Amino acid sequence: MSEILVNKLTGTSTAGDITVTSEGGLATMQLQQGLVKAWVNFDGSGAQDGSGNLTSSDSFNIASVTDLATGKFTPNFSNHFGNTNYIGLGANNGEYNHGRGMNGIGVGVANTGYPASQTTTGLQMFGNYGSSGSSNGGSHDTKIGFVAYVGDLA
């Protein structure tokens, strides 16, 4: 087995353009396009650091997580995205409310009437819980949230 030890990869035609061939050899992709550019594992239940931000267990390229309201938060990027065409993916630890559907974390427009704000510096997300046979679901602060972002950094 061979091993290559490097601190930096640079494309030959363009510095940030490195092509990787798929395992089967039929497809190629640009390396930087396939990387997660930011992620965070955080406590959305209200535990805060000394600055009033939600605490995180671990993160990459996240400066802080702002608690905006019940079930509404914004992870703020350390290194900004180049445009607002990136995507955010969210999940939680599978908390349930008795007799209700599964809780989750969403991106986009929340069912509580406020739109998500997507900027190059952060993306608002929301935590929710499912409905039951006798009541609607709603917003809630998830105990453990996981969020990842994919797109082009500035």
Side-chain angles (χ1 to χ4, degrees), residues 3-20 22 28-97 100-131 136-154:
E3 181 178 5
I4 298 174
L5 301 173
V6 297
N7 290 323
K8 181 178 179 182
L9 294 174
T10 303
T12 55
S13 58
T14 305
D17 188 9
I18 298 170
T19 301
V20 178
S22 70
T28 60
M29 66 172 253
Q30 291 181 320
L31 178 63
Q32 68 274 26
Q33 288 292 314
L35 300 175
V36 171
K37 305 298 175 40
W39 57 265
V40 64
N41 175 337
F42 69 97
D43 180 351
S45 65
Q48 298 183 344
D49 64 14
S51 301
N53 295 306
L54 296 173
T55 57
S56 62
S57 301
D58 202 358
S59 67
F60 173 72
N61 194 27
I62 299 291
S64 62
V65 180
T66 305
D67 188 358
L68 301 169
T70 299
K72 186 176 176 184
F73 53 92
T74 299
N76 302 293
F77 308 126
S78 299
N79 296 298
H80 302 165
F81 279 83
N83 56 52
T84 58
N85 297 324
Y86 62 89
I87 62 168
L89 309 163
N92 70 7
N93 67 343
E95 298 170 35
Y96 287 82
N97 288 316
R100 295 182 176 273
M102 188 171 180
N103 297 335
I105 292 178
V107 251
V109 178
N111 62 357
T112 56
Y114 49 80
S117 174
Q118 184 165 355
T119 68
T120 59
T121 60
L123 173 60
Q124 288 182 13
M125 305 191 84
F126 59 93
N128 56 23
Y129 59 89
S131 62
N136 294 329
S139 297
H140 93 113
D141 291 332
T142 184
K143 175 65 178 157
I144 301 174
F146 315 99
V147 184
Y149 300 91
V150 180
D152 296 329
L153 292 177

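By convention here, the first residue in the shown sequence is residue 1. The structure displayed is predicted, hence computed values, not measured ones.
The backbone N or O of I87 sits nowhere less than 3.5 Å from a side-chain atom of Q118 that would complete a donor-acceptor pair. Checking side-chain atoms of S78 against main-chain N and O of A63 turns up a donor-acceptor pair under 3.5 Å.
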Practice problem: Would you check, one step at a time, whether the test side chain to side chain donor-acceptor pair (under 3.5 Å) holds for N79 with N61? | Solution: CA-CA 6 Å; N79 296 298; N61 194 27; 3.2 Å; yes

Exercise. Go through the steps for L153 and Y86 under the test side chain to side chain contact (heavy atoms under 4.5 Å, CB included), then give the verdict.
Key: CA-CA 9 Å; L153 292 177; Y86 62 89; over 6 Å; no

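The shortest non-hydrogen separation linking V36 to F60 is O-CE2, 4.1 Å.
One finds the CG atom of N41 at 7.0 Å from the CG atom of D58 (value rounded to the nearest 0.5 Å). Atom CG of N53 sits about 12.0 Å away from atom CZ of F42, to the nearest 0.5 Å. With rounding to the nearest 0.5 Å, the separation of CH2 in W39 from OG in S56 is 8.5 Å. Distance check, rounded to the nearest 0.5 Å: CG of L123 to CZ of F73 gives 9.0 Å. Taking OG1 of T120 as the reference point, atom CG of N85 lies at 11.5 Å (rounded to 0.5 Å).
Residues satisfying the side-chain contact (heavy atoms from CB on, under 4.5 Å) criterion with I62, sequence neighbours excluded, are A38, V40, S59, V65, P75, F77, Y149. Legend: residues meeting side-chain contact (heavy atoms from CB on, under 4.5 Å) with L68, ordered by chain and number and at least two apart, are T66, K72, T74, Q124.
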